[in-house]
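Structure record follows, encoded as structure tokens.
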Amino acid sequence: MAMYLTITATASRASCRAFSFSAPPARISSFSGAVARRSHVPRTTRRFSTETRTEETIASSTSTEEEEVVANLQSPFLRIMRDRGFLFQCTNLSELDEILLANQNSSFTATTEEGTNQAVSAYLGFDATADSLHVGSLLQIMILRHYQKCGHRPIVLIGGGTSKVGDPTGKDESRVLLSDEAIARNMAGISKVFEKFLTFANSEDVGAGGGKASDAIMVNNDEWLNELRYLQFLRDYGTHFTINRMLSFESVKQRLSREAPFSFLEFNYMILQAYDFLELNRRYGARLQLGGSDQWGNMISGVELGRRVDGVSLFALTAPLITTSDGKKMGKTAGGAVWLNGDKLSEYDYWQFWRNTSDEDVIRFLKLFTELPLEEIEVMEGWKGADINKAKVVLADEATALLHGRECLDAIHQTVDTMFKSGGGNGSASTESLNRIYVTQEDLSDGSGVKIIDLFVRLGLASSKKEARRLIQGGGAKLNEEKVEDENAVVTEADFGEGKEVTLRAGKKRAGVVELN
């Protein structure tokens, strides 16, 4: 019987009640809970449902036992997941806790004389649907980072194969099918960011069995999915999936309830994701799959497939889907996606995204997106009024340092101090950390110049020309320190004067540079 929890969060300890539901996942003993330890929201009760829930009855005889499992976790990784707000659902939590505790040691090499104390391999998948991940994926990357720092091996799975199908989870309609060339380009783009958060084994260490047991590896599921023979795959694995069960998952129900058709191609995504887990266990010994709570049904399918086909005990652990306090999805702003690749979003704009965090979210985001000790964050929880802005600067500094390096912070602070705090009207403002685009003499030589709304869009200060026009009409657009009044205005060579750049500003905190080449 699967056990599911309602967690009551307090500043000192997370307590919980256990519930049992009929029709649990077949033969899966799972623990589905969320530790909502947010001491800035004291004594908040949050209930989290499962995709196979049909009725709810209080199982008081087991509530104390399950409460103690959560409260008395021993492995450092699971304690971090609990205390910082990452833990949402997990299969066989107590067993996973024992395995992680018994097999953690980042100083052990991949092969030891005793063959024990090996790091436990866990994977997390990222499909190549764009040429950069955005900040919505950062929660999962932080989980992998914590996992490695606790002495275990993270496997970054790039979905070169599954990107050819498209994950239907949470989508109103089918994804646009990508060409092989586009997928390859996207894979190259998203792969770069992981090296900033994880330590990877080099090819020599992997081949020689050297390196640390916790060294990360990156693999592409196209290696095995592209080689599958359709009829043989159906005969070997199709019998382990039932349409009845697949239709019971909430993610599938939501998609079927929408007007856009749910294609058979997309319906197969769940099977391919489950097979990934089996293949990763066979090739790399992966025991744990990590992911967002919207992937729970697919992940459970992988756990079950491993047990049925190979008789292995696998685990799944999810984190909650993160939204801001006003209910918006994490990773998007009025100016578009908050990309993680520096060539798509400047270091300054990334810093400014975190600086603009709402008062209600800052403590929660400090726990999730920085590595500051919880004791320091708890001190900031007591800050009120203007002091909460200091916590936002700490959040922006720490999150930006993780992605872009701490050395970029001086330039960002200088830009903020000279351009925004002092108004930047003396011509001495630093623009080093601002996003910039380039125009040539040829662009300006005919005297007609370049439309200013096009420059706002190219700089990412507006997501569209329509938005740029609204910005101008609302009085929020500036060229250097002059308000832009005309939405048909152009930038000409005369605007550059004796310098080689002009600054465009959108509102009080967003700016970019147009440089003359």
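Just so it is clear, the structure is predicted and the values come from calculations on it, not from any experiment.
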* Determine the minimum heavy-atom distance between Ile183 and Ala128, stating which atoms define it. => O-CB, 4.0 Å
* **Under the side chain to side chain contact (heavy atoms under 4.5 Å, CB included) test, residues paired with Ala399 that sit two or more places apart** => Trp354
* Asked: In chain order, what residues pass the salt bridge (charged side-chain N to carboxylate O under 4.0 Å, His left out) check against Glu98, with sequence neighbours excluded?
  -> none
* Structure fact -> Here the gap from Trp224 atom CH2 to Leu272 atom CG, rounded to the nearest 0.5 Å, amounts to 11.5 Å
* Can you measure from CD1 (Ile158) to CD (Glu223) and round to the nearest 0.5 angstrom? => 11.5 Å
* **Ser214 and Arg153: side chain donor to acceptor below 3.5 Å** => no
* **Heavy-atom side-chain proximity of Ser293 to Gln89 below 4.5 angstrom** => yes
* Whether Arg84 side chain and Lys367 backbone form a donor-acceptor pair below 3.5 Å -> yes
* Does any non-hydrogen side-chain atom of Gln295 lie less than 4.5 Å from one of Asn298? -> yes
* Would you please test Phe200 and Phe194 for ring-ring contact (aromatic ring centres under 6.0 Å, His included) and show each step? => CA-CA 9 Å; Phe200 283 86; Phe194 296 104; 7.2 Å; no
* Candidate pair Asn221 and Thr162, rule side chain to side chain donor-acceptor pair (under 3.5 Å), full reasoning -> CA-CA 7 Å; Asn221 63 13; Thr162 44; 3.1 Å; yes
* Can you find a heavy atom in the side chain of Gln289 that is under 4.5 Å from one in the side chain of Leu124? -> no
* Please test Met142 against Leu402 for side chain to side chain contact (heavy atoms under 4.5 Å, CB included), starting from the C-alpha separation and ending with a verdict. => CA-CA 10 Å; Met142 289 298 295; Leu402 279 172; 4.0 Å; yes
* Structure fact -> To the nearest 0.5 Å, atom OG of Ser313 lies from atom CG of Asn92 at 6.0 Å
* **CE-CG distance between Met81 and Leu100, expressed to the nearest 0.5 angstrom** => 10.5 Å
* Asked: Which residue pairs pass the side chain to side chain donor-acceptor pair (under 3.5 Å) test with at least one member in residues 392-405, sequence neighbours excluded?
  -> Trp351-Asp397, Asp359-Lys392, Asp397-His413, Glu398-Arg406
* Does Arg185 have any side chain to side chain contact (heavy atoms under 4.5 Å, CB included) partners at least two apart in sequence or in another chain, and if so, which? -> Ala182
* To do: Dump the intermediate steps for salt bridge (charged side-chain N to carboxylate O under 4.0 Å, His left out) on Asp222 and Lys164, then the final yes or no.
  => CA-CA 9 Å; Asp222 196 51; Lys164 298 176 182 178; 3.0 Å; yes
* Under the side chain to side chain contact (heavy atoms under 4.5 Å, CB included) test, residues paired with Ile99 that sit two or more places apart -> Glu95, Asn103, Val120, Arg287, Phe315
* Which residues pass the side chain to side chain contact (heavy atoms under 4.5 Å, CB included) test with Ser301, sequence neighbours left out? -> Phe241, Phe249, Met270, Ala274
* Structure fact -> Tightest non-hydrogen contact, residues Asn72 and Gln74, listed as O-NE2, 2.9 Å
* Between Leu403 and Val193, is any pair of side-chain heavy atoms under 4.5 Å apart? -> yes
* Are side-chain N/O atoms of Thr324 and Asp361 paired as donor and acceptor at under 3.5 Å? -> no
* Partners of Asp131 by salt bridge (charged side-chain N to carboxylate O under 4.0 Å, His left out), sequence neighbours excluded? -> Lys344
* Asked: Can you list the residues that meet the ring pair (Phe, Tyr, Trp, His ring centres under 6.0 Å) rule with Phe233, with sequence neighbours excluded?
  -> Tyr237, Tyr275
* To do: Check the pair Ile141 / Phe126 against side chain to side chain contact (heavy atoms under 4.5 Å, CB included), numbers first and verdict last.
  => CA-CA 10 Å; Ile141 298 174; Phe126 300 84; 4.2 Å; yes
* Main-chain N/O of Asn341 paired to Ser132 side chain as donor or acceptor, under 3.5 Å -> yes
* Structure fact -> Closest non-hydrogen contact found for Arg364 with Ile322 is NH1-CG2, 3.9 Å
* To do: Answer yes or no: is there a side-chain heavy-atom contact under 4.5 Å between Thr91 and Ile300?
  => yes
* Kindly write out the residues that satisfy salt bridge (charged side-chain N to carboxylate O under 4.0 Å, His left out) with Asp310, not counting sequence neighbours, or none if the list is empty. => Arg282
* First locate atom CZ of Arg145, then atom CD1 of Ile80, and finally report the distance between them rounded to the nearest 0.5 Å. => 11.5 Å
* Taking all heavy atoms of Leu73 and all of Arg79, pick out the closest pair and write down the distance. => O-CD, 3.1 Å
* **Contacts of Lys390 that satisfy salt bridge (charged side-chain N to carboxylate O under 4.0 Å, His left out) - sequence neighbours left out** => Asp387
* Spacing of CG belonging to Leu288 relative to CE belonging to Met299, to within rounding of 0.5 Å -> 7.5 Å
* Would you call Phe86 and Leu368 a side-chain contact if the rule is heavy atoms closer than 4.5 Å? -> yes
* Do Ile363 and Trp383 touch side chain to side chain, with heavy atoms closer than 4.5 Å? -> no
* Sidechain-backbone polar pair: Asp97 side chain, Leu93 backbone, donor-acceptor under 3.5 Å -> no
* Asked: Yes or no on salt bridge (charged side-chain N to carboxylate O under 4.0 Å, His left out) for Asp215 and Lys212, after CA distance, side-chain angles and deciding distance?
  -> CA-CA 5 Å; Asp215 283 347; Lys212 290 184 178 180; over 6 Å; no
* Structure fact -> Per side chain to side chain contact (heavy atoms under 4.5 Å, CB included), Cys90 is matched among Val69, Leu96, Thr318 by Leu96
* Asked: Is the side chain of Arg307 donor-acceptor paired with the backbone N or O of Leu314 at a distance under 3.5 Å, no angle test?
  -> no
* Partners of Thr199 by side chain to side chain donor-acceptor pair (under 3.5 Å), sequence neighbours excluded? -> none
* Structure fact -> Heavy-atom closest pair (Gly151 atom, Ala119 atom, distance to 0.1 Å) is O-CB, 3.2 Å
* To do: Name all residues meeting the ring pair (Phe, Tyr, Trp, His ring centres under 6.0 Å) criterion together with Phe197; count only those two or more places apart in sequence or in a different chain, and write none if there are none.
  => none
* To do: State plainly whether the residues Glu304 and Arg245 are in salt-bridge range, i.e. N to O under 4.0 Å.
  => yes
* Are any non-hydrogen side-chain atoms of Val394 and Met380 less than 4.5 angstrom apart? -> yes
* Asked: Between Leu321 and Leu139, does a side chain to side chain contact (heavy atoms under 4.5 Å, CB included) hold up when you go through it step by step?
  -> CA-CA 9 Å; Leu321 298 181; Leu139 185 82; over 6 Å; no
* Side-chain donor/acceptor of Asp127 to backbone N/O of Gly160, under 3.5 Å -> no
* Asked: Do Phe277 and Tyr123 make the cut of ring centroids closer than 6.0 angstrom?
  -> yes
